[in-house]
Participant: 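My structure is below; once you've seen it, I'll send some questions.
Hydrogens, waters and symmetry mates play no part in the numbers below; they use all other heavy atoms, side chains included. Sequence lines set the chain letters: A, B, ... in the order given, protein chains first and strands last, and positions in each chain run from 1.
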Amino acid sequence: MATPSFSTATLPVLIHLLRGASDLASVAATHAKLFKAGIASTLASSNHLLAAYCRCGAMTSARGLFDGMQDPDVVFWTTLMSGYAASGRSREALSLLRAMELSGVQPNVVTLSTAASAYGKAGRVEDARAVFDGMDAPARNAVSWGAMLAAYTQNALGNEAIQLFAELRTNGRGLAPNQFMLSSVVSACAGVARLGIGKCVHGAALRLGQGNDEVIAVALVDMYSKCGCYEYSRKVFDRIDHPSLIPYTSIIVSAAKYGHGRWALALFSEMVDQGVQPNDVTLLGVLHACSHSGLVDTGLQLLRSMQSKYGIAPCPSHYTCAVDMLGRAGRLEEAFELAMEAQVEGNEALLLWNSLLSACRTHKRLDLATLAGQRVLEFNQDVASGLVLMSNAYASVGQTGNADAVRSGMRRRGIRKDPGCSWIEVKDTPYVFYAGAISCAGARTDEVLTLLDELECKMRERGYKGRLGRARVSDGHEDDGDEGKGVMVGVHSEILALGFGLLVLPKGMTIRVMKNLRMCCDCHEAFKLISVIVEREFVVRDLNRFHHFQMGSCSCSDYW
DNA sequence: TTAGGGTTAG
């Protein structure tokens, strides 16, 4: 039996050991020592032990310790709850909140912030907001606000995050935005491509002395990249001292999206030279860079050597990227063989075979398209895009009867794709356009249409043979889904957004258009020509990448 | 005196 003087002297030492422990073995060893000293069940020991078990993800041991506690206090409950949340077990975390209230222990601001965060991670944003709203305004602190902002951002609710950030400035009782809130809001701006707000938040971060925070910098790199400003993205990156894995990955992914394949590869070798180990996301970024720049053999070498060189085995997304890369380059037999070799299942298989199907359509290979199409239907979680591609594949080889049959089958079965839309930001407000529907331009609708007509005339004088985005879907047009309904459709959404932008944005300003689908070839040609006629630069973000149009050419060199 | 919030891909 230990003497009291032994235990008082030992406790701080053992607690110090627990605080530094990050693996189960050392926590268990310290637990044994505490037990031997007869001080394992003191309040201080229990709290530290529970936190230590949670920190190393040993939730079974944590739960055992918790269940052995008589009358756990609010801290004890909260520690266990955050342990579950951190191990990705949000549901268990949340059921603890109810159990705790039933046992008569009142949650405090830390408990509620933990719960809001767990609700966010479980995708239950409305519940998170209810918890946030349920807190007394004076009780809300920087962590509560940060948790709620993160919940919105992580669930792709960028505009709600931006709105909440604005509320912080008005109702936040003078609470200054910290690095957690700023990085979440910048990331929110990236998700919804709100460049204007993103720039304001960047300015705020600099004024608040957060300019050197690496996490904010990464969010900014990503935000500028997703808003079509690669140069800014690069500038922010260049100011980061000794960038670690995530900044390097972020800038490589940016370079990839803009078709700067060689830069991406140079950044990758720089990163490896600096001793920064890549992860699976980095390698996917490098593969994307190879794909978007036509560096097919370099990309294949990377795929084949990533296991031996970097210890990372290719996963379904690497295979999908490589299949896409071969497909773009017209190397369809190799793409098909690689797709077979990948042995992917479920939703990931759908993405892989969809990608091959898309390439078969582009290169008019109905034989392989049929094989890929069968695979797509086999993994039919989301059949819509596969069917649209299949229909377009038939149309591209002139089998319009089959193409129409697929389309009408979709209509009969009520299968729809997300409607195509494009949007543009004017004075920090986004304007969304759908194909053939220009109502968003409001009172300026007629002006936009007149402008587009004038442009089309000037384009014809320069030999333009397209139809300014007015196309029949079954023409073998891009996979527009509901942008048309198999009949003559209106002007494509990106053309409408461009027309509106030309009318309302100051002369000389680059026009940035975002689109939720891939850009079609006809619109791509139109943007190139219009950039000469009006002498302006345009940036279009489509589903996959960016196109920067300048004086009649595009940064993708027509390879995408 | 122990518990809470952020960034990269698809």
Side-chain angles (χ1 to χ4, degrees), chain A residues 15 18-19 42-52 54-55 72-83 85-86 93 96 100 107-118 120-121 128 131-132 140-154 156 161 177-188 190-191 205 210 213-223 225-226 233 236-237 240 243-254 256-257 278-288 315-318 320-321 324 347-348 350-352 355 543-544:
Chain A
I15 283 179
L18 279 180
R19 295 183 71 134
T42 63
L43 188 64
S45 306
S46 307
N47 277 329
H48 282 288
L49 268 173
L50 184 66
C54 288
R55 212 167 37 242
D73 66 0
V74 61
V75 175
F76 223 64
W77 280 99
T78 308
T79 306
L80 188 66
M81 190 193 292
S82 77
L96 275 179
M100 170 182 169
N108 63 18
V109 61
V110 180
T111 320
L112 293 177
S113 303
T114 308
S117 163
K121 290 193 170 74
V131 169
F132 180 81
R140 280 186 212 143
N141 60 17
V143 180
S144 340
W145 284 90
M148 193 59 230
L149 283 169
Y152 279 135
T153 301
Q154 290 162 355
N178 63 17
Q179 65 270 45
F180 297 97
M181 304 180 206
L182 290 166
S183 48
S184 281
V185 175
V186 171
S187 173
Q210 300 283 0
D213 185 282
E214 193 190 81
V215 178
I216 295 179
V218 170
L220 286 167
V221 165
D222 185 53
M223 186 274 291
S225 162
K226 286 183 177 157
S233 180
V236 174
F237 174 80
I240 301 175
S244 60
L245 167 70
I246 295 180
Y248 266 118
T249 303
S250 183
I251 193 71
I252 286 169
V253 169
S254 304
K257 281 189 190 144
N279 68 5
D280 54 334
V281 181
T282 323
L283 295 177
L284 187 61
V286 180
L287 273 175
H288 266 121
C315 67
S317 50
H318 297 104
T320 302
C321 185
D324 187 59
N347 201 42
E348 284 158 334
L350 185 78
L351 293 171
L352 180 115
S355 161
L543 195 58
N544 286 340

Participant: Out of B:dA3, B:dG6, B:dT1, which nucleotide sits closest to the side chain of A:His48?
Facilitator: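 Among the listed nucleotides, the one closest to the side chain of A:His48 is B:dT1.
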Participant: Please determine whether a side-chain nitrogen or oxygen atom of A:Ser187 lies at a distance below 4.0 Å from atom OP1 or OP2 of B:dT8.
Facilitator: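 Yes, A:Ser187 has a side-chain N/O under 4.0 Å of OP1/OP2 on B:dT8.
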Participant: Answer with base, sugar-phosphate or nothing: what part of the nucleic acid does A:Ser317 contact at a heavy-atom distance below 4.0 Å?
Facilitator: nothing
Participant: Compare the minimum distances between each of B:dT8, B:dG10, B:dT1 and the side chain of A:Ala44, then state the nucleotide with the smallest one.
Facilitator: B:dT1
Participant: Phosphate oxygens OP1/OP2 of B:dT7: is one of them under 4.0 Å from a side-chain N or O of A:Gln154?
Facilitator: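 Yes.
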Participant: Select base, sugar-phosphate, or nothing to describe what A:Arg140 touches, counting heavy atoms under 4.0 Å on all strands.
Facilitator: nothing
Participant: Hey, does A:Val253 reach any base, or is it just sugar-phosphate, or nothing, if we go heavy atoms under 4.0 Å?
Facilitator: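 Contact class for A:Val253: sugar-phosphate only.
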Participant: What's A:Asp73 touching, base or sugar-phosphate or nothing? Going by heavy atoms closer than 4.0 Å.
Facilitator: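 Answer is nothing: A:Asp73 stays at 4.0 Å or more from every strand.
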Participant: How would you label the contact of A:Ile216 with the nucleic acid (heavy atoms, under 4.0 Å): base, sugar-phosphate, or nothing?
Facilitator: base
Participant: For the side chain of A:Leu284, starting at C-beta, report the closest nucleotide among B:dG10, B:dG6, B:dT8.
Facilitator: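 Shortest atom-to-atom distance from the side chain points to B:dG10.
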Participant: Under the criterion of centre distance below 5.5 Å and interplanar angle below 30°, is A:Phe180 classified as stacked on the base of B:dG5?
Facilitator: yes
Participant: Return the nearest nucleotide to the side chain of A:Asn279; candidates are B:dG4, B:dT8, B:dG5.
Facilitator: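 Among B:dG4, B:dT8, B:dG5, the one nearest the side chain of A:Asn279 is B:dT8.
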Participant: Does A:Lys121 have a side-chain nitrogen or oxygen under 4.0 Å from the phosphate oxygens OP1 or OP2 of B:dG4?
Facilitator: no
Participant: Of all the nucleotides listed (B:dT8, B:dG5, B:dT7), which has the minimum atom distance to the side chain of A:Thr153?
Facilitator: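 Of the options given, the side chain of A:Thr153 lies nearest B:dT7.
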Participant: What nucleic acid atoms does A:Glu348 come within less than 4.0 Å of, heavy atoms only: base, sugar-phosphate, or nothing?
Facilitator: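 Nothing, no nucleic acid heavy atom in range.
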